[in-house]
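Note that ligands are numbered from 1 as they come in the structure, with each ligand's atoms numbered from 1 the same way.
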Amino acid sequence: MKIVMFSAQPYDERSFDEVLQRDYVSRGFELVYQKAALSLQTVALAQGGEAVCAFVNDQLDAPVLETLHGYGVRAILLRCAGFNHIDLEAARRLGLFVARVPAYSPEAVAEHAIALILTLNRHTHRAYNRVREGNFMLDGLLGFNLHGKTVGVVGTGKIGLATARILKGFGCRVLGYDPYPTDEFAALGEYVALDVLLAESDVVSLHCPLSDATRHLISAASLARIKHGAMLVNTSRGGLIDTRAVIAALKSRRLSALAIDVYEQESQLFFHDRSSDIIDDDVFTRLMTFPNVIVTGHQGFFTVEALREIAETTLHNLDCYAGGRSCGNLLAGNA
Ligand code: NAI
């Protein structure tokens, strides 16, 4: 069986080849790696494949899925947790098998969120540059103790819970908001309404999925209710934040700092080397001018453990599809 992987990076090839050779030599799986992201312009690269393996910025809307189906593709393997970028209704209509990797390493993303909080707070990014230029002045690098501060976790699923556990270790008061509360989180923190979380938290960290209900959860209206001087961290999906509203809140000092690992328009930028290009996204370039903003290019998941888990689960999902066995990670299809 031929599987065409889109948006394939060298590290994807290494981790998938390793698991393929270790566990699936006898299965006759063949992986074809394509650097291009999947879109209507590139979908022809999937011809001859029975399965397609896609990542977060691959386009999986109805026209792309219909074209894939026309080529004989019957399985879509998402090598990510989020599935906001696939039209599941269209996939079901076409009878496609769709599976994802629901929890490859919640700690990888949680630890990155914490790294962003600590970096923003203690200005490590600025200190690094200063020291390398022989400037050992401290003025401008003043932080605060995380111990004793209130941190709001929006979305207390796997990653939110892992984040809350670490924050508890720092001695933070942890607030949570989630329409589906869990006992595990309740044992660590306190569930409150979203407005209360926004009003009381010194740091707000987003860990809920992107959906119609959560798009622009952070908007001009919610920023008007956020604690004055709060820090906002988003390692979930860019669409949770109205970036223009956040820029206004940074300018008015309502927000003291922002860290994002995801960005609304990230597909044009992230996972590409754009260092020699003129970036024509004025919203993004405005963000880059703030000393109290950190952007990382969707690397929350990027640990050795997570890459291994992604490859193992994706190939396990494919094996379920190939063998007609039930698959616990199914989003659409009959297996
Ligand atoms: P999960 O499904 O375990 O948890 C998500 C939680 O959000 C659930 O408890 C759910 O009830 C809650 N939720 C749903 N609607 C909500 C709302 N309106 N307000 C507040 N909470 C709401 O998912 P997991 O594994 O914790 O991942 C969370 C998100 O992190 C994913 O959806 C994905 O977008 C993002 N992610 C980012 C990565 C990165 O590299 N930066 C890597 C992996 C995931």
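Scanning for salt bridge (Lys or Arg N to Asp or Glu O under 4.0 Å) contacts around R130 gives an empty result, with sequence neighbours left out.
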Between ligand 1 and the protein, find all N/O pairs closer than 3.5 Å and give the distance for each.
residue  : atom   : partner : partner atom : Å
ligand 1 : 3 (O)  : K158    : N            : 2.9
ligand 1 : 3 (O)  : K158    : NZ           : 2.9
ligand 1 : 9 (O)  : G157    : N            : 3.4
ligand 1 : 9 (O)  : D178    : OD2          : 2.6
ligand 1 : 11 (O) : D178    : OD1          : 2.7
ligand 1 : 11 (O) : D178    : OD2          : 3.4
ligand 1 : 26 (O) : K158    : N            : 3.3
ligand 1 : 26 (O) : I159    : N            : 2.8
ligand 1 : 30 (O) : S236    : OG           : 3.3
ligand 1 : 34 (O) : S236    : O            : 3.4
ligand 1 : 34 (O) : R237    : NH1          : 3.3
ligand 1 : 40 (O) : F301    : N            : 3.0
ligand 1 : 41 (N) : T235    : O            : 2.9
ligand 1 : 41 (N) : D261    : OD2          : 3.0

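Residues L210 and V262 are not in side-chain contact: their nearest non-hydrogen atoms beyond the backbone lie 4.5 Å or more apart. Put simply, the side chain of T314 reaches to within 4.5 Å of the side chain of C53, judged on heavy atoms.
Ring centroid separation for the pair F271 and F55 comes in under the 6.0 Å cut-off.
The aromatic rings of F284 and F270 lie perpendicular to each other, with more than 60° between the two planes, well past the 30° mark.
Checked by atom type, the side-chain pair E309/S105 shows no donor-acceptor distance below 3.5 Å.
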